[in-house]
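Contents: one structure, followed by commentary.
Naming: A, B, ... by sequence-line order, numbering from 1 per chain.
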Amino acid sequence: MSQIFNRSANQIARFSLVGGALAVGLVAWLGLLLMRSDFVTGANANVTQPVQFSHAHHVGGLGIDCRYCHTTVDSARFANIPPTKTCMNCHSQIWLTSSYLEPVRESFRTGQSLVWNRVHDLPDFVYFNHSVHVKKGVGCETCHGRIDQMAGIYQASSLQMEWCITCHRAPEQFLRPREAVYQMGYHPAGDQLTIGRDLVKKYDVKSLTSCSTCHR
Amino acid sequence: MADTLLYGLMAEFTSTDALVSAAERVHQEGYTRIDALTPIPVHGLAEAMGYDDRRIQKMILAGGLFGCAAGLGLQLHVNLIGWNINIGGVYLSGYPLNVGGRPLVSLPAFIIPTFELTILFAALTAVIGTLALCGFPEPYHPVFNVKRFRERGSTDGMFLCVEAEDPKFDAAKTRDFLKGLGARGVYDVEP
Amino acid sequence: MSSPNPSPPPTIPVLGPGHNYASITDKISDIVLQFRAPIRWFLGFVVGFTLLQGLLLAIYMLLFKGVGVWGINIPVGWGFDIINFVWWIGIGHAGTLISAILLLFRQQWRTSINRAAEAMTLFAVACALLFPIFHTGRPWLAAYWLLPYPNTMGVWPQFRSPLIWDVFAVSTYGTVSALFWFTGLIPDLATMRDRARTRVGQVIYGALALGWRGSARHWQIYETAYLILAGLSTPLVLSVHTVVSFDFAVSLLPGWHATIFPPYFVAGAIYSGFAMVLTLLIPMRSIYGLQDMITLRHLENMAKIMLVTGLIVFYGYMMEAFFAWYSANEFEKYMIYNRTTGPYWYMYWTLIFCNGFVPQLLWFKRIRLNVGILFLISIIVNIGMWLERYVIIVTSLHRDFLPSSWGMYQGSRYDWSFYLGTMGLFLTLFYLFIRVLPMIAMFEMRMLLPGGGNTPKDSH
Amino acid sequence: MRDIDLSAIRARLAKQDGTGQTGPAFWRSLDEVAETPEFAAMLHREFPEGASEFTDPAGRRDFLRLMGASIALAGAAACTRQPTEHIVPYVKAPEDLVPGKPLFFATAMPFAGTAVPVLVESHMGRPTKIEPNPEHPFTHGGTDLFAQASVLELYDPDRSQTVMGKGEIRPWSELSLALTSAGAGQKGAGGGGLRILSGAVTSPTLAAQIQGLLTAMPQAKWIQYEAIGNDNARAGSKLAFGDYLEPVYRLDQADVILSLDADLLDAGAGKLRYARDFATRRQVVPGQTAMNRLYVAESSPSNTGSKSDHRLSLKAREIPALAGAIAAGLGVAGAAGQAPASATAFATEVVKDLQAHRGRALVVAGERQPAAVHALAHAMNAALGSVGTTVVYTQTPQANPGEGFAGLRDLVNEMNAGTVAVLVILGANPVFTAPSDLKFASAMGKVPLSVHLGLHRDETAAHSQWHVPETHYLETWSDARTGDGTVTVCQPLIEPMYECRSAHELVAALSGEIKTPLEIVQGFWKANWDGRSASAGAGGAFGKLTDTTGVDFATFEKFWRRVLHDGFVPGTAFAPKPVALAAGAVAAAPAAAAVSPASSGVVPNSSDTSVGGLEVTFHADPSVYDGRFANNGWLQELPKPFDKVCWDNVAYISPRTAEQLGVGERKPVVYGVEVYLANLTVNGHTLQVPLWIMPGQPDGSIALHLGYGRTHAGRIGNGLGYNANFFRYSSTPWVLQGASLTLLDQIYNVACTQGHFQMENRALIRVGTRTQFEHDPTFAQHMAHVPKPDESMYAPWKYEGHAWGMAIDLNSCNGCNACVVACVAENNIPVVGKLQVMKGREMHWLRIDRYWEGSPDAPSVHFQPVACQQCENAPCEVVCPVGATVHSDEGLNDMVYNRCVGTRYCSHNCPYKVRRFNFLLYADWDTPTLKMQRNPDVTVRSRGVMEKCTYCVQRINTARQQAKIEDRKIKDGEIVTACEAACPTQAIVFGDLNDKNSRVAKAHADPRSYGLLAELNTRPRTTYLAAVRNPNTALTPEPAGPATGGHH
């Protein structure tokens, strides 16, 4: 053959052209999924803590109410992480010798705070207020998942804006009666939507989607 | 059919006019698998061989209309769809917002992106469509096997090619016939 | 403009005598295929490449320190960035106009200049595109937040903003220009493929030529598509600078908020575009001895177009002043008063000199046919058009509604190195272009020859 | 969200797979995996918290600073994870501290012989913001700019941190030992060699302590010196009444007020109360005619002058004559004087007007005037029967009142004589502030033992053997008196950040006691709270104290808690003293008035304005006062009310004087404003000063501002401006004669935020006269055509629920700048520095525009606070390509920093130019103490982001959330924006326009209400109430035309 290309060139050329176009589309779609994937959001990733505190044991097992430790969840923006004192209320009586708890006892002895790793970490420019959500009937479980089944703690939701917005736009899909807010494994007595709509009226829930609702 | 060693025969002519008349004759002769190859567009040449392809216009029109719809649709969607839409884990809602007290659907403002997308898609269709209709990319083609064509084909050579696939094709007869049309030379085209 | 009738006995031919298909093809393709670049080419390239380094430095400073390295402030938040953006976009327009509009008008004289002009368009748009990205405070975000895609915030671009219109208009313009340019190149690429001496050249040109072999059926499709592309480009090119002018016209700032901006900007764009074409081609034709292909006829016609568009622009200046007076609006009135007599008065009056008075010389045929003076005028017009944007942006911003917030502006050294840097980018690209691609459309030149199908009904 | 090289990431992950190792179980961000340099850079630059969290002890316990990373990740948050953060809970949580909720504590800022009662907002133990104390019986709320800025002073990284002895770091114990032994040593000599120098002290406790010391050592002396004190007023009251007395004015009672060079509304102990009372008498409603009238004759433009109905600019030395003339006109026995030619009409009309309002008229003299003029003023008030109605006389809030300059002069003489063995300086900085003729520094060299207590290691510290870091008032216990004498017990908000001591401790150490401030202060009140105390010191014996309702406090515990909670000790205001003019007081006056207070030089007659023979007057700097705030970035960057200059002090000369000097109009240039330098020469001393042409400055008079030219202020304050103390004489600290100016051919660039001062015939600030108002209350609304809502092509948006709005009363605003500093403090607004301000990049969300009206020689000046107007048809929003600024459901013009990409287009389309842009990384991410000051409810903006006023949306949200938790609606007045709270005149009102009974809705309905540039159909949510002046028609015939919009 004395011409520049041989027969196969045609197939190669056409395939590379079409294939290239398809590849670009595929990568774009993967990118969209990647942005929402757990390793970007950090969801469902176990967070190691100085003390391997088990919510499964304390909440699921012993049935301690959320508010026993997270005291300000219904009164302030911040749900509060309990001071060492709170742990010692019980653990000055029980599991006195457990090596697990040595960091706690040490903290109490030395007055040096325990240093926990943050699990639910919103960006600085997002201003979230626990108390209002609790007041309006958003269950702990709705965002934090089945804490009562978490031996090790992890973030149950993506915490991305689109995730927040889903509820802010349609609260009726998620609301529960105030008395059930701290309940784990809650099941609506009946159709969630009808119950939700009633609660929206009852609690005067505004679906706020203004930017300054969360960003200042 | 007759000679499988041959893709076809190629005759070279000296002027566009000669080429056009030759093409007409070949066409009238009943040849169907013929093609003329010129370094410049010669009007009436394709018609002379009975080719009249008008698909590209329609494709471009369709592309333009699609762009128009996509552009306007996107803007309306973004400014109106205030509820949750989630497709394959990707969130596709819009976000209606009060922007400077303007209405959600500010059509005058939306005209421009709509217009631009119309043009964009029409233009893309034009080019992609052309490639598709011409069967490009096609870097290999038997005609390039003809040395004379490689040398002059894109400079000043006027060629007429009759393919062996043509039912009326017969190596000897067709060669004589082409010679008879005043071809400057006739060459075998290897497959 | 010269008459639509294609073949009047032209005083000067659009193609020198004594040419045939082969000679045209040789002359143009040899510029690329014979590997001896003239020394003057190297000089030009070195200049461009050096300036390009300034651009890189400016971008580095910008990314690591912030837009504060520029001279901008409040109230003058846009300076060289947007001035240069508008200037470059404007320059781009001539290319599309020549290749598309003159094609529709069947102007033969476009043939020998459209390829270079389109290349110029592409490179000008490339330079222009730098600014919408880098003028922002956070380019790493602006780069894609300006595009509509389903992000995790669930928010979208704000389609009422002229800046978003810009994004759509300019990117469309860039894409379509590139497509148009490439389509026009295909037959010539085939020629290059067949004439390339080296294997590498053959393969590269061959791949780009997509296997073009001049089949009559392909020509048929090709020409229809090309003509429609031209038809699409024409409204597009007019829309682009209209949209750019909306950046200003849509706002409520005195000196920006004006209804004449679209036509006045489009005319200005073509005006500056043709000036730039002259600035590039006049040296080019002498470097490569193309006087017989880019003839005085071409230069004169371009000069005529500059004269016409220049007059429109000048009319625009006068209208701005008239509106200010006629509106009886104190803010508008002060705006024009401040432009003509304020701290930046010299900018305004230099602009009037460059764009108002100098082009009047083009009324005289002797000047239109004097290559030297023409070159000089084209430079002056380029400067004038840059000043026009400076006046519109800076002098309108620096004194607006509340005297308490008035300020002053002056470009910093990084403004300058960014600006000159884009010129470097432009030159570099252009000089590379003429080294690797035929700067004149060969197959269209062939058609200027008798027997090349050069008759009214198929000026193609 | 920054570009991420996905291919590189896949490569790395693939590599990990390839090597078989699983790699990190979780990785924080794509950047981390990609190992982009940006990521590394960001870790260091953008997340200082991440790294420095635990190296910063003060921050360890602070939840809030742990609540996130940096706005630099604005976009990234959606697709990039931040580095792991830590939560450090308490070991034992303190009671009533709710994480994430601020606490407020009442205290007071002691300041130059008075105190500003305040509430301090505290986030997790960090005082972050100063708020007024509305319950306070004297001020009723309102703060000044110094109080607002004092919180930054607390966190000033340049504060002195360790005890220094002879230039080396020493332990406190060593110093206290030295003090105790010195005290003991002095006891023998009866304290003959002991001298205590302090600023004006109002603290009863400290006074009692020092008194105790003095009774123990009769020969010891205590000198109180304020560079900007009120010696002349003191001397005047002594002249008039034979005793040091404090006049307390009742401006709410006064119909006609004459100010003789007194900046009544913006200076002195009573300014907050006076400004408030004055404003209440300017509230005009149709039909109501109880509007007061203010005459001002002053030697340089002042905020008080800006509110006057008739302003006369006179040289300081001409005012005594005017005073004499008026007094004579009022029939004050023995008063005489010939008013200057330019002032005769003024004098006669003022006399008429004052007499027409006997008992409701008031004459006030300013500190710059000699004692005789003060005496005259007292005499005039007496003659007008105003004593007891518009003015009462009480004892001075300052303990042991004296005359500071005289005292200081004696002290220096003693020091030079070598009779001073121990000099203890409590918080004062005499080496810088003392008049230059005293040469205080060299005198200090002759003192064997000198101890300096101060916030900074300032000029005085540099010249004393010992220096002790002083506790900031937010760090320690103390007490202080406001202008009317009411005592506030000051409580600490935070542990001392460094090895600091308070004056109480130092004095205690002198008398050999080692006590904590709490023991000392509480001890004093234990002894005094129920009047049982015999040892009622110079702090003034307090009778039996009862609470505001007159009920006894059962126990000291109850008293103490109540007092700390309320922020004042009820019933401690001074009772008015009956006064009688001393014989001969006034007889002496005209003589004193006739003799101008010139120290030297031939004084030409008052019409002489040759470049020689000029008058020099000294003034407190509006921003840095006497220099004590020189290292406060907020105050340095604060544009001064009249020249709008920051980071500098300039010398005012009148336009006519400028012409004679041949000084051209100062012109705005790219870098700030170009002014001429000139050599100012007085008595052979020469100094270079930048000349500033100040309309309303008397011809032939130069106004210099103190407080600049610091050399030991700190990184911010050093080397700015010129030091006016250079010219000051302890004999004539306020006015000098015989100065001469020689123009230099040198240009100096000044940072000035408002280079242009004409209104260009635009109806921006709208002013009318009282007659115009009564003729047409809506005059302001006719000054521009405002399109009706239904003239728009689009249907206007409906705002159900709340619709936030604001109204600013230009009649009340006197341009005091308190609101500007409050805004800076509340919203984490960065300081950008002189160069950036010169480039036009200041960041203030709220600015006060200043325009002149009338002829440059006798202009009137107008102030207009301008922040984001929250337009309903916001032009800025429409042009933002990413929707970073959009409207909220309640009509706020939201600014979403994390969405902003920084095109700056919004700023261009904002006719008010209230948007500010972070051209560079202005926010300080590194200095730990500055981070402690930040308001955790407001995002700290990063580079490349636009920002602006949001009506303090963080406060709106907090209130809304609280209301929701309590299942109620938001009450009117529950949300108070930072500027509104700080304003002493209640000029700013914020609230819900949909609530027809709200104050703001009423204000918008006021006939004076107009929207700035509303003719552009922006429909601003902020409206202005036009100013109404009350001129005396005999002096200014009514303008025939409509009210002015600042025309001419």
Side-chain angles (χ1 to χ4, degrees), chain B residues 15-17 23 35-43 45-46 49 51-54 56-57 60 74-75 78-79 90-95 99-100 102 106 109-110 112-113 115-117 119-120 122-124 126-127 129-131 133-134 136-141 143-144 150-151 153-156, chain C residues 20-22 25 148 150 152 154-160 164-165 168-169 171-172 175-176 179-180 182-183 187 190-191 193-195 206-207 209-225 228-229 232-233 235-236 239 243 246 443 446-447 451-453 455 457-458 460:
Chain B
S15 80
T16 49
D17 305 345
D35 195 2
L37 309 157
T38 55
I40 55 165
V42 179
H43 272 252
L45 185 53
M49 296 181 291
Y51 298 128
D52 188 6
D53 189 337
R54 299 191 179 283
I56 189 70
Q57 292 92 317
I60 296 177
L74 170 70
Q75 297 176 80
V78 164
N79 284 283
V90 176
Y91 183 88
L92 288 174
S93 303
Y95 208 124
V99 175
R102 309 300 194 270
S106 310
F110 296 168
I112 288 145
F115 169 80
E116 301 294 345
L117 285 182
I119 300 286
L120 181 63
L124 284 169
V127 174
T130 310
L131 298 194
L133 294 180
C134 298
F136 288 160
E138 191 179 19
Y140 171 89
H141 195 279
V143 295
F144 292 121
R150 287 210 302 279
E151 285 166 1
S154 59
T155 308
D156 55 3
Chain C
N20 61 27
Y21 288 173
T25 314
T152 57
V155 288
W156 300 84
Q158 205 280 95
F159 288 100
R160 292 166 194 80
I164 282 293
W165 304 345
F168 278 76
S171 53
T172 303
T175 319
V176 173
L179 292 172
F180 196 54
F182 176 71
T183 316
T191 310
R193 171 197 62 202
D194 296 346
R195 303 176 64 83
L210 300 168
W212 179 266
R213 54 186 190 275
S215 151
R217 299 158 62 185
H218 294 170
W219 277 120
Q220 193 180 37
I221 299 165
Y222 176 90
E223 286 200 276
T224 327
I228 296 179
L229 267 182
L232 290 169
S233 307
L236 177 63
S239 82
V243 170
F246 283 165
F443 82 93
R446 293 191 203 106
M447 289 158 40
T455 56
K457 82 175 223 296
D458 40 275
H460 239 56

Heavy-atom closest pair, residues [X] and [Y]:
X        : Y        : value
C/Ser215 : B/Asp35  : OG-OD2, 2.9 Å
B/Ser154 : C/Arg446 : O-NH2, 2.9 Å
B/Tyr51  : C/Gln220 : O-NE2, 3.4 Å
C/His218 : C/Trp212 : CB-CZ3, 3.8 Å

With a 4.5 angstrom heavy-atom cut-off, is it the side chain or the backbone of [X] that approaches chain B, or both, or neither?
X        : value
C/Pro148 : side chain
C/Thr175 : side chain
C/Phe182 : neither
C/Leu232 : both

>> Could you go through C/Val243 and C/Phe168, starting from their C-alpha distance and side-chain angles, then the distance that decides it, and tell me whether this counts as side chain to side chain contact (heavy atoms under 4.5 Å, CB included)?
In response: CA-CA 10 Å; C/Val243 170; C/Phe168 278 76; over 6 Å; no
> Taking every heavy-atom pair that is under 4.5 Å apart, which of C/Thr191, C/Leu236, C/Val176, C/Ile228 has the most such pairs with chain B?
Replying inline: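 Result: the option with the highest number of such pairs is C/Thr191.
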>> Looking at chain B, which one of C/Ala209, C/Gly206, C/Pro235, C/Ala207 has the largest number of heavy-atom pairs inside 4.5 Å, strictly under?
In response: C/Pro235
When only pairs under 4.5 Å are counted, which of [options] shares the most heavy-atom pairs with chain C?
options                               : answer
B/Leu92, B/Thr130, B/Val143, B/Thr38  : B/Thr38
B/Ile112, B/Asp156, B/Asp52, B/Leu131 : B/Ile112
B/Ile119, B/Leu45, B/Val90, B/Leu133  : B/Ile119
B/Glu116, B/Gln75, B/Arg102           : B/Glu116
B/Arg150, B/Gln57, B/Arg54, B/His141  : B/His141
B/Ala126, B/Ala23, B/Pro39            : B/Pro39

> Is there a side-chain contact between B/Ile40 and C/Tyr21, using heavy atoms and a 4.5 Å cut-off?
Replying inline: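 Yes, their side chains come closer than 4.5 Å.
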> C/Phe159 and B/Leu74: side chain to side chain contact (heavy atoms under 4.5 Å, CB included), yes or no, with the steps?
Replying inline: CA-CA 10 Å; C/Phe159 288 100; B/Leu74 170 70; 3.7 Å; yes
>> For B/Asp53, which atoms come within 4.5 Å of any heavy atom of chain C: side chain, backbone, both, or neither?
In response: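 Its backbone and side chain both get close to chain C.
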> Relative to chain C, which segment of B/Tyr91 carries a heavy atom at a distance below 4.5 Å: side chain, backbone, both, or neither?
Replying inline: both
> For C/Asp194 and B/Thr155, what are the C-alpha separation, side-chain angles and deciding distance, and is it a side chain to side chain contact (heavy atoms under 4.5 Å, CB included)?
Replying inline: CA-CA 9 Å; C/Asp194 296 346; B/Thr155 308; over 6 Å; no
>> Taking the ring of C/Tyr222 and the ring of C/Trp219, is the distance between their centroids below 6.0 Å?
In response: yes
